[in-house]
There are 2 protein chains.
Amino acid sequence: MSAQPRTARGTRTRARLLAAAEDVFASAGYHDASIVKITEQAGIGLGTFYLYFAGKQEIFDEVVDDLNARVRHAMTEAARAAGTRLEAERAGFRAFFRFTAEHPALYRIIRQAEFVSPAAQRRHYEKIVRSYVHGLAAAQEAGEVRPMDPEVAAWALMGMGELFGMRYILWEAEDRGADGSRVEIPDRVLDELMGIIQRGLAPAPAPADRPREDGSHE
Amino acid sequence: MSAQPRTARGTRTRARLLAAAEDVFASAGYHDASIVKITEQAGIGLGTFYLYFAGKQEIFDEVVDDLNARVRHAMTEAARAAGTRLEAERAGFRAFFRFTAEHPALYRIIRQAEFVSPAAQRRHYEKIVRSYVHGLAAAQEAGEVRPMDPEVAAWALMGMGELFGMRYILWEAEDRGADGSRVEIPDRVLDELMGIIQRGLAPAPAPADRPREDGSHE
DNA sequence: GTTCAACATGAAAGGTGATTCAGGTTACGG
DNA sequence: CCGTAACCTGAATCACCTTTCATGTTGAAC
């Protein structure tokens, strides 16, 4: 069983292991990510690992949950600043793509979770959907989204985001090689995406971009 | 280097290995899928494996390409029978979900390809997108799809399909356990999905379900 | 400045699995 | 009914990894 550290030193060590694990899992994959590699990357002795984690699987689970919390935080934080639902959606997606660009580990690790820790993977997707449903249901009450099952819509949105992140962020970054330039979603692509979402969710016969007129706001 | 079989016997052996590999990769995962397990499942001697494949990675790649060809075939075949674009879309998705239900290996293997064989994974997604783009561009010329980048739309459709397959087929199957009942996409969910797609891609200010009136047809 | 939890360490035990290879077996053309 | 090319086999080799544990170090309370 993993032990929680009891002093500041221990806390630091544990955090270093977690960060190193994220790195190594993302670049080497679960199988090739040996405990030796993780502890080396963390600059920590091999045996120390087992003071804080029961084993490879356990630290993997924690890495997943950690990434999940961070990406959701980035998205909701970005969406919170926006006014209309559409703006919030756009800001949320943009934050998601930015997070993907800065932490390719997210994808690489979630994908592997399919086998390494199906439960953690499921938790990840379900938590994101829950956020979406929350936002969509509110927008629905405000009349900004047509009547529909918000959960189904949430899976649709997440699906689009996931593949766009893969195609337009990760692949793009791979193709550019290590030239350091930050990959961002092209505006053209984000516009098309928002176009589909807007039309797909808008109430009535798709008012396109007409702003709300009753002064209500969220 | 893998050798192609030169006799009927060899061809059969190779095919058995491929089928066994799909099974084992899907149920055990790449790492735990030992060559021993694959050859045992195929009812073939361990050493024989290396007559036909250079190693684990190579047979994995072939399994990916094989699954890809089969799922695309299932989708285009189903779509071919349909009349309008929307019907084709629906039929294609239904075929995809059916294939997913019958071959959970598709997901489990594609996901793992993230690390095992990124190139094969990319090939998989790109080939599917290519099919979609083809169909969407044709529908566009026929005025059934609004002006937009068909490739971007293709990624959006594929993303929705992918997550719906995971959520409403695979997870559902897992939750039901091994009770043998065939998992199908609920009509309610498929309707919602098609609703989003229809509105997202339809020309003009989203005529909802109004059929085309000029008599043109594809 | 002593004491003792808490923390840190890496050699070694105990496993597992990919791949090779030397030696059979099969079956078809002649 | 041979001869031989294609095919088949699994014990043995080699490489690598997780986890344990006996021992050493740190630092904060007193």
Side-chain angles (χ1 to χ4, degrees), chain A residues 1-63 109 112-113 115-117, chain B residues 1-64 109 112-113 115-117 120:
Chain A
M1 220 105 324
S2 74
Q4 288 306 312
R6 233 149 290 196
T7 70
R9 180 164 60 136
T11 304
R12 209 183 330 124
T13 301
R14 192 174 198 282
R16 279 217 258 155
L17 282 169
L18 219 42
E22 183 183 314
D23 260 26
V24 178
F25 282 138
S27 65
Y30 183 80
H31 173 234
D32 288 341
S34 63
I35 308 297
V36 174
K37 277 183 190 159
I38 293 174
T39 50
E40 263 172 9
Q41 164 95 6
I44 280 173
L46 170 56
T48 307
F49 177 89
Y50 291 91
L51 289 180
Y52 300 106
F53 301 97
K56 217 162 115 168
Q57 160 97 36
E58 192 181 285
I59 197 174
F60 182 86
D61 271 39
E62 260 195 60
V63 169
I109 285 173
Q112 293 183 84
F115 274 90
V116 179
S117 183
Chain B
M1 221 101 328
S2 75
Q4 290 304 315
R6 234 150 288 196
T7 70
R9 179 164 62 137
T11 304
R12 208 181 333 124
T13 301
R14 192 175 197 281
R16 278 216 258 158
L17 282 170
L18 220 42
E22 182 184 316
D23 258 26
V24 177
F25 281 138
S27 65
Y30 184 79
H31 174 233
D32 288 342
S34 63
I35 307 298
V36 174
K37 276 183 192 161
I38 294 174
T39 51
E40 263 174 7
Q41 164 99 5
I44 279 173
L46 170 57
T48 307
F49 177 89
Y50 292 92
L51 288 181
Y52 299 106
F53 301 96
K56 215 163 121 171
Q57 159 98 35
E58 193 181 284
I59 198 175
F60 182 86
D61 271 39
E62 261 195 59
V63 168
V64 170
I109 285 173
Q112 293 183 86
F115 274 90
V116 179
S117 183

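Lettering of chains follows the sequences in order, A, B, ..., and the numbering in each one begins at 1.
Residues satisfying the side-chain contact (heavy atoms from CB on, under 4.5 Å) criterion with B:Phe115, sequence neighbours excluded, are A:Arg108, A:Gln112. Residues satisfying the side-chain contact (heavy atoms from CB on, under 4.5 Å) criterion with A:Ala33, sequence neighbours excluded, are A:Val24, A:Phe25.
First and last contacting nucleotides of DNA chain C toward chain A (any atom under 4.0 angstrom from a heavy atom, 5' to 3' order): C:dA6 to C:dA11.
In this structure, CD1 in A:Ile35 is found 4.5 Å from CD1 in A:Ile38, a value given to the nearest 0.5 Å. A distance of 8.0 Å separates OG1 in B:Thr48 from CG in B:Leu46, rounded to the nearest 0.5 Å. Summarising the geometry, atom CD1 belonging to A:Ile44 is positioned 8.0 Å from atom OH belonging to A:Tyr52; distances are rounded to the nearest 0.5 Å. In this structure, B:Tyr50 OH and B:Leu17 CG are separated by 11.0 Å, a value rounded to the nearest 0.5 Å.
Each end of the helix from C:dG1-D:dC30 to C:dG30-D:dC1 gets its own axis, taken as the rotation carrying the C1' atoms of four end pairs onto the next four within a five-pair window, and the two axes meet at 10° to the nearest 10 degrees.
Pairs of residues two or more places apart, or lying in two chains, that qualify as salt bridge (charged side-chain N to carboxylate O under 4.0 Å, His left out) and include a residue from residues 15-32 of chain A are A:Glu22-A:Arg70.
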_Per-nucleotide protein contact string for nucleotides 4-19 of chain D (B base, S sugar-phosphate only, - none; heavy atom under 4.0 Å)_ = --SSBBBB-----SSB

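Checked by atom type and distance alone, the side chain of B:Gln41 never pairs as donor or acceptor with a backbone atom of B:Ala21 at under 3.5 Å. Although no hydrogens or angles enter the test, the distance criterion places a donor-acceptor pair under 3.5 Å between the side chain of A:Lys56 and the main chain of A:His31. A donor-acceptor pair under 3.5 Å is absent between the side-chain atoms of A:Ser117 and the main chain of A:Ala113, judged by distance alone.
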